[in-house]
Amino acid sequence: MTVRTRFAPSPTGYLHIGGARTALFAWAYARRHQGTFILRIEDTDVARSTPEAVQAILDGMAWLHLDHDEGPYYQMQRMQRYKEVIAHLLASGAAYHCYTSPKELEQLREAQMARKEKPRYDGRWRPERGKPLPSAPTGVAPVVRFRNPGEGVVAWDDLVKGRIEIANAELDDFIIARADGTPTYNFCVVVDDWDMRITHVIRGDDHVNNTPRQINLLKALNAQVPQYAHLSMILGDDGTKLSKRHGAVSVMQYDEDGYLPEAVLNYLARLGWSHGDDEVFTMEQFIQWFDLDHITSSAAQFNTEKLNWLNQHYLKLADDARLAGETARRLAKRGVDPEAGAPLEKVVALYKDRVGNLNELADALEPFCVHVHPSAELIATHLTENARAALSVLRERLSACSWEKPAISQAMKDTLAACALKMPQVAIPLRVALLGQPQSPSIDAVLEVLGRDEVLRRLDQYV
RNA sequence: GUCCCUAUCGUCUAGAGGCCUAGGACAAUACCCUUUCACGGUAUGAACCCGGGUUCGAAUCCCGGUGGGGACGCCA
């Protein structure tokens, strides 16, 4: 049997980090087993679903390279099928109409809570042998409820949490179709997983409580019950539930913040899953190694520091041209012309192993593209009269030497000797003059990529 | 409140009864490297929630407590 997994977000917002990890694991499991990964959009909540959110989810998955083999399927386009199944359930007696109003249900729940009971539907419209049913009120559209087994337990061997058993007595007859006829979540999921022949349902563990209902429904439909793997939650950096203030932002925000998708992917893969002591690995390795046995069953706290570390790592590995492209995009966004200065790719090579993210890389490259204006304070402390005199000597030598690192370096050394100065006494003022900052990579390398003309031009302001 | 899940360094985790004086990684600290700032290298500190069992032996198995999380919608 070939593995078929799915990712089934509801388009009520962007793809956040928790959803991304769920998608990653479902995707990886399918890839690991040469299976099929299906994308399904659960848009039956018409009021909250938006096409923008659908697009945001698609964008997020594309950024992470989580490609699907089937779909996206849209539940709203499957209404006919749901209605068919509901009619069948009604006809077979596995479902029934219920006329209890929302207000009555609310009262029922309140009363139950007051008695310290678990709030649930009391089955007043559930047909039972020999039980008289109330007469249907006129002009009230009924909901359809699934007739849940009254006794016994529902059990499954969760692929990450182990065996879970829930007594049917804990469950109630849940609504599968609203008064307006539209089917509800738990019902659509079941029909879809069945129709799409999903073999492994990999999803967040907030669905553990839905699973017994879904299994009962599947059984009533005579459908094969898939395997379930419930992933524990991702908590925010502060150990509390993900919220907009920390973590529950769109994965595209990570792009915005200068993270590389491979860093986010690697980080997410290690959050709640492990392969011995391996910390850094490619997606190819991940697919080879991924299994459900090594998923942690407890919630994991998001750690930005570690993500930063991975991002820095992948930045060092990344191709210069690619990083130049990424940086150019960011510079352009700031109104800086990335073509205006030294060849970006060369500057990238100088800086990519010194920065933590793409925005920092853009910060570092910006002085190469624009006219720099060192602060008055920097000028006062570093571009002293003595320093300017040394820079003047250096300028002479630089205008004459050949333009490669060794020659430039020699020009620096000759200047030091001539002025009886130490390296930092010239290199730091030079950095301030050229880049507006007292720190930079090795100064001869900076000079080399900046180019002789530009170096001399920038120096002329101070000598 | 009821039900379900969960518990190893600050964080992510290794660990499937003896290999554990509990390993790795991030972070922290110190030192080294150095032309500044970084990168890098080396080293150090840091954990089995508590209480009972089971066993010759428990981080690992069982029970209870406590802490954390989730679910209890005509939301998904």
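We name chains A, B, ... by the order of the sequence lines, and we start the count at 1 in each one.
Closest approach of A/L398 to A/R452, counting heavy atoms only: O-NH1, 2.7 Å.
No donor-acceptor contact under 3.5 Å links the side chain of A/E117 to the base of B/G1.
Nearest nucleotide to the side chain of A/E279, out of B/U35, B/U6, B/A25: B/A25. Residue A/D353 has its side chain nearest to B/C39 when only B/C12, B/A76, B/C39 are considered. Closest contact between the side chain of A/L271 and the listed nucleotides B/C12, B/A76, B/U6 involves B/C12. Considering only side-chain atoms of A/A427, the nucleotide from B/C5, B/C74, B/U35 that sits closest is B/U35. Considering only the side chain of A/T184, B/A76 comes nearest among B/U35, B/A76, B/G1. Closest approach to the A/N210 side chain among B/A76, B/C74, B/U2 is made by B/A76 (side chain taken as heavy atoms from C-beta onward). Residue A/P119 places its side chain closer to B/G1 than to any other of B/U13, B/G1, B/G70. Between B/U36, B/C4, B/A76, one nucleotide has an atom nearer to the side chain of A/V208 than all others, and that is B/C4. Between B/U13, B/U35, B/G40, one nucleotide has an atom nearer to the side chain of A/R270 than all others, and that is B/U13. Closest to the side chain of A/R109, from the set B/G40, B/G1, B/C74, is B/C74.
Residues passing the side-chain hydrogen bond (donor to acceptor under 3.5 Å, both in side chains) test with A/S101 are A/E104, sequence neighbours excluded. Remark: A/E448 pairs with no residue by the salt bridge (charged side-chain N to carboxylate O under 4.0 Å, His left out) rule, at least two apart or across chains. The ring pair (Phe, Tyr, Trp, His ring centres under 6.0 Å) check on A/Y185 picks up A/H207, with sequence neighbours excluded. Remark: A/D257 engages no residue in a salt bridge (charged side-chain N to carboxylate O under 4.0 Å, His left out) (not counting sequence neighbours). For A/T384, the side-chain hydrogen bond (donor to acceptor under 3.5 Å, both in side chains) criterion is met by no residue, not counting sequence neighbours.
Across all strands shown, nothing is found opposite B/C19 as a Watson-Crick or G-U wobble partner with both distances under 3.5 Å. Pair assignment for B/A38 gives none, since no Watson-Crick or G-U wobble pairing has each distance under 3.5 Å.
Look at CE on A/M233: it is 16 Å from C1' on B/A7, rounded to the nearest Å. Computed from coordinates, the A/Y351 OH to B/U36 C1' distance equals 11 Å when rounded to whole Å. To the nearest angstrom, P of B/G70 lies 17 Å from CZ of A/R203. Distance A/L317 CG to B/C39 P: 17 Å, rounded to the nearest Å. The distance between atom CE of A/M113 and atom P of B/G73, rounded to the nearest whole Å, is 8 Å. Nucleotide B/U35 holds its P atom 18 Å from the NE2 atom of A/H382, rounded to whole Å. For the pair A/I41 CD1 and B/A76 P, the interatomic distance rounds to 15 Å; values are reported in whole Å. Remark: C1' of B/C5 and CD1 of A/I166 are 9 Å apart, rounded to the nearest angstrom.
Around the NZ atom of A/K405, the shell of radius 6.0 Å holds no more than 12 heavy atoms that belong to other residues, nucleotides or ligands.
Taking the ring axis of A/W194 as reference, the NZ or CZ atom of A/R78 does not stay both within 45° of it and closer than 6.0 Å to the ring centre.
Screening residues 201-215 of chain A for salt bridge (Lys or Arg N to Asp or Glu O under 4.0 Å) gives A/K161-A/D205, A/D172-A/R213 as the qualifying pairs, with residues at least two apart or on separate chains. Residue pairs that meet the side-chain hydrogen bond (donor to acceptor under 3.5 Å, both in side chains) test with at least one member in residues 138-147 of chain A, sequence neighbours left out, are A/E128-A/R147.
Ring centroid separation for the pair A/W125 and A/Y96 does not come in under the 6.0 Å cut-off. In this structure, A/F7 has its ring center at least 6.0 angstrom away from the ring center of A/W27. Taking the six-membered ring for Trp, A/W273 and A/F290 have ring centres closer than 6.0 Å.
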Pick out the pairs of N or O atoms, protein on one side and nucleotides 14-19 of chain B on the other, that lie under 3.5 Å.
residue: B/A14; atom: OP1; partner: A/S274; partner atom: OG; Å: 2.9

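Comparing the P positions of B/U11 and B/A47 gives an interatomic distance of 12 Å, to the nearest angstrom.
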Treat primed atoms plus P, OP1 and OP2 as sugar-phosphate and everything else as base, then score nucleotides 26-33 of chain B 5' to 3': B for base contact with protein heavy atoms under 4.0 Å, S for sugar-phosphate contact only, - for none.
SS------
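A heavy-atom distance below 4.0 Å to RNA chain B is reached by none of the residues of residues 71-79 of chain A. A heavy-atom distance below 4.0 Å to RNA chain B is reached by these residues of residues 433-442 of chain A, ordered by number: A/P438, A/Q439, A/S440, A/P441, A/S442.
Only one option out of A/R81, A/R6, A/R40 pairs with A/D192 in a salt bridge (charged side-chain N to carboxylate O under 4.0 Å, His left out); it is A/R40.
Taking only side-chain nitrogens and oxygens, A/K422 never comes nearer than 4.0 Å to OP1 or OP2 of B/U36.
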Hey, can you pull the donor-acceptor pairs under 3.5 Å for the side chains in residues 51-59 of chain A, sequence neighbours left out?
residue: A/Q55; atom: NE2; partner: A/D59; partner atom: OD1; Å: 2.9

